[in-house]
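Contents: one structure, followed by commentary.
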Amino acid sequence: MADEAPVGVFDSGVGGLSVLAEIRRLLPAETLHYVADCGHIPYGEKTPEYIRERCQVIAARLREQGAKALVVACNTATVAAVADLRERYPDWPIVGMEPAVKPAAAATRNGVVGVLATTGTLQSAKFAALLDRFAHGVQVLTQPCPGLVEQVERGDLSGPQTRQLLQGFVEPLLAAGCDTLILGCTHYPFLRPLLAELVPPEVILVDTGAAVARRLHSLLAVKGCLAQGPAGPTCVWTSGDPAELVGVLPQLWPAGAEVQAFV
Ligand code: DGL
């Protein structure tokens with residue numbers, strides 16, 4: 001595949017832009033095509049079948065655009081659909097993501113880890129398998145966060161409503177002694193500044209955006225199709241209202257990008 005072909009990245013909404021930022025940092029020359037499925041958010045409260053269907057539609061479109069690799073920048077979509085996508089496209093490099101249980105288990109000092117994620121992620125068999133594999137000797141407490149994704153979609157990263165919601169999710173985990181919190185949804189890294197006000201400074205926050213970017217880099221390098229040359233463009237599509245996304249973009253993607261309708 002051509003070096004200058006785009007990399008396709010998608011999420012249920014704007015959350016995957018936190019992953020896109022890590023990809024852009026590590027791979028400045030790549031052309032990035034990002035689909036925000038804002039018209040169908042939140043994935044976290046949808047059935048796996050519904051999510052799989054959306055992922056198929058989006059993946060097919062990114063493939064039509066000539067994407068040389070696909071990044072599922074969403075934990076919820078990964079647990080529901082990444083196996084299906086890999087089966088459909090066995091030769092396409094596909095990077096999924098999962099809550100950072102392994103790094104958190106290595107980072108915790110007192111052996112108590114909290115996971116903030118969507119209901120869909122926490123209820124999945126894939127998440128249970130992740131715990132079986134990496135959480136030996138560590139107590140893992142899970143906290144679904146309904147409503148939080150919608151706050152980030154609105155661009156409300158620090159207002160009273162978001163603060164109250166986040167505080168309500170984090171407090172029981174802190175009260176139970178968690179010294180490490182996993183941000184298991186790609187929307188949540190945008191709440192790091194607010195989290196820094198709500199949790200003591202010694203609590204470690206982990207997410208997987210940078211690891212996803214490294215994995216993408218290594219897959220492209222193995223295939224010999226890393227882009228070379230000057231900074232590549234970023235193009236964004238949304239299945240929601242493009243004007244709404246344009247409104248929140250300056251907070252979430254300060255470099256700016258052209259936004260088009262995904263129909
Ligand atoms: N950003 C997605 C994730 O990483 C989920 C958001 C949603 O519920 O749509 O899990």
Side-chain angles (χ1 to χ4, degrees), residues 8-23 34-55 57-59 70-83 85 94-101 103-104 114-128 130 142-157 162 165-166 169 181-192 195 205-213 215-216 236-241 244-245 248-249 251-253 262:
V9 183
F10 76 95
D11 176 41
S12 60
V14 297
L17 291 170
S18 68
V19 180
L20 200 72
E22 300 291 348
I23 294 173
Y34 182 84
V35 176
D37 200 12
C38 301
H40 299 266
I41 205 156
Y43 280 4
E45 306 298 320
K46 304 277 194 308
T47 64
E49 294 72 27
Y50 185 96
I51 298 168
R52 269 197 290 281
E53 212 176 296
R54 289 307 303 158
C55 292
V57 170
I58 296 165
L70 180 71
V71 178
V72 184
C74 175
N75 296 267
T76 315
T78 297
V79 297
V82 79
L85 293 173
I94 298 178
V95 183
M97 57 195 304
E98 56 194 18
V101 174
V115 189
L116 300 162
T118 67
T119 308
T121 296
L122 296 176
Q123 283 179 350
S124 68
K126 214 166 150 65
F127 181 69
L130 192 64
T142 58
Q143 176 63 62
C145 306
L148 206 50
V149 158
E150 288 87 336
Q151 294 301 108
V152 177
E153 288 290 314
R154 282 184 205 112
D156 183 348
L157 306 182
T162 305
L165 206 54
L166 190 55
F169 295 138
L181 294 180
I182 298 173
L183 309 184
C185 166
T186 54
H187 284 70
Y188 306 163
F190 288 115
L191 300 170
R192 270 180 181 266
L195 271 167
L205 304 176
V206 285
D207 72 76
T208 34
V212 166
R215 176 78 184 136
L216 174 66
V236 176
W237 284 262
T238 174
S239 60
D241 179 356
E244 271 176 30
L245 184 47
V248 297
L249 213 55
Q251 284 189 84
L252 308 174
W253 191 260
F262 181 94

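Atoms within each ligand, like the ligands themselves, are counted from 1 in listed order. Just so you know, these numbers use all the heavy atoms, side chains as well, and skip hydrogens, waters and symmetry mates.
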Subject >> Side-chain donor-acceptor pair present, T162, D156, cut-off under 3.5 Å >> reply: yes
Original post:
Is the cationic atom of K46 (NZ for Lys, CZ for Arg) positioned less than 6.0 Å from the six-membered ring centroid of Y43 and within 45 degrees of its normal?
Top reply: no
**OP:** Check the surroundings of atom CZ in R215: do more than 12 heavy atoms from other residues, nucleotides or ligands lie under 6.0 Å from it?
**Re:** no
Original post:
P144: what forms a side-chain contact (heavy atoms from CB on, under 4.5 Å) with it, not counting sequence neighbours?
Top reply: T119, L122, P146
**OP:** Keeping the roles fixed (side chain from T78, backbone from C74), state whether a donor-acceptor pair exists under 3.5 Å.
**Re:** yes
Subject >> Neighbouring protein residues of ligand 1 - any heavy atom closer than 4.0 Å >> reply: D11, S12, I41, P42, Y43, G44, C74, N75, T76, T118, V149, C185, T186, H187
Original post:
What are the two closest heavy atoms between V82 and G96, and how far apart are they?
Top reply: CG2-CA, 4.3 Å
